[in-house]
Amino acid sequence: EAGVAQSPRYKIIEKRQSVAFWCNPISGHATLYWYQQILGQGPKLLIQFQNNGVVDDSQLPKDRFSAERLKGVDSTLKIQPAKLEDSAVYLCASTLGAGLSTDTQYFGPGTRLTVL
Amino acid sequence: AQSVTQLGSHVSVSEGALVLLRCNYSSSVPPYLFWYVQYPNQGLQLLLKYTTGATLVKGINGFEAEFKKSETSFHLTKPSAHMSDAAEYFCAVTAGGSYIPTFGRGTSLIVHP
């Protein structure tokens, strides 16, 4: 079974530029998550999708971050414009079911973003 | 609201020694607790989880953790460390209807020969 795929793996941009990350979850997984992991910290949830609908985006900085999952499969996360503090690893995860609190999340390898 | 505290940002052990990584949680409702491992340049992988039932939970790679409600702890142990266990370990908690996990800051396990 293929795991969660993410691209690119690394990205370096200058502040005020735009960037987009892509995630393809495990086939058949209904729920998809985007996390931000700042160096030295644990992951922080940005947004959760169930199929193509947003379940929770309360921690997404909506003035600069956006995400979509148009066909209920893969997803993109965009930052526009980027700030220095956005430097982090962006992790995508998926679960088979509806994202209950006991569900096992499967994580992708992440995209490491460096903003100069 | 829930929170997780991982004591010690770095733990160093000799190969073959006991591994003990500490996790304490705070939750106003019964928690669900998780341990994840993250190898360099990789995503997180679930080691084990506690939801209900038996408080001693066995996971992959010889790890286990015990839920102690009275101590609000969920420490991770392994009897004998392997060089391949060197990684970052994260404790996480969800609780009740909150499906949003709260992660600790992580503990880096260093295994030396």
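Every chain is numbered from 1, with letters handed out A, B, ... down the list of sequences. Since the model is a prediction, treat every value here as computed from it, not as a measurement. Values below: all heavy atoms of this structure, side chains included; hydrogens, waters and symmetry mates excluded.
Ranked by heavy-atom pairs shorter than 4.5 Å toward chain B, the options A/Ile38, A/Leu91, A/Asp56, A/Leu45 are led by A/Asp56.
No donor-acceptor pair under 3.5 Å is formed between the side chain of A/Gln50 and the backbone N or O of A/Thr31. No donor-acceptor distance shorter than 3.5 angstrom exists from the side chain of B/Ser108 to the backbone of B/Glu88, with no hydrogens or angles considered. Here the side chain of B/Gln6 pairs a donor or acceptor atom with the backbone of B/Gly106 at under 3.5 angstrom.
Defined by atom type and a distance below 3.5 Å, a donor-acceptor pair is missing between the side-chain atoms of B/His10 and B/Thr107.
For the pair B/Phe67/B/Pro31, a side-chain contact is recorded, criterion being any heavy-atom separation below 4.5 Å from C-beta on. Counting only heavy atoms from C-beta outward, the side chains of B/Phe103 and B/Cys91 never approach each other to under 4.5 Å.
Of all residues in residues 68-90 of chain A, none places a non-hydrogen atom less than 4.5 angstrom from a non-hydrogen atom of chain B. Within residues 33-62 of chain B, the residues having any heavy atom less than 4.5 Å from a heavy atom of chain A are, in residue-number order, B/Phe34, B/Tyr36, B/Gln38, B/Asn41, B/Gln42, B/Gly43, B/Leu44, B/Leu46, B/Lys49, B/Thr51.
For the residue pair A/Leu46 and A/Pro61, the shortest heavy atom distance occurs at CD2-CD, 4.2 Å. Across every non-hydrogen atom of B/Ser80 and B/Gly16, the tightest pair is OG-CA, 3.2 Å.
Heavy atoms closer than 4.5 Å to chain B are found nowhere in A/Val4, neither backbone nor side chain. Residue contact with chain B, scored on non-hydrogen atoms closer than 4.5 Å, involves the side chain of A/Gln59 exclusively.
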Begin with the C-alpha distance, continue with both residues' side-chain angles, and end with the deciding distance and a verdict on side-chain hydrogen bond (donor to acceptor under 3.5 Å, both in side chains) for A/Thr95 and A/His29.
CA-CA 5 Å; A/Thr95 59; A/His29 278 202; 5.9 Å; no
Please walk me through it: do A/Tyr35 and A/Gln105 pass side-chain hydrogen bond (donor to acceptor under 3.5 Å, both in side chains)?
CA-CA 12 Å; A/Tyr35 289 87; A/Gln105 297 190 17; 2.7 Å; yes
Give the intermediate values and the outcome of side-chain contact (heavy atoms from CB on, under 4.5 Å) for residues B/Asn24 and B/Val4.
CA-CA 6 Å; B/Asn24 288 88; B/Val4 171; over 6 Å; no
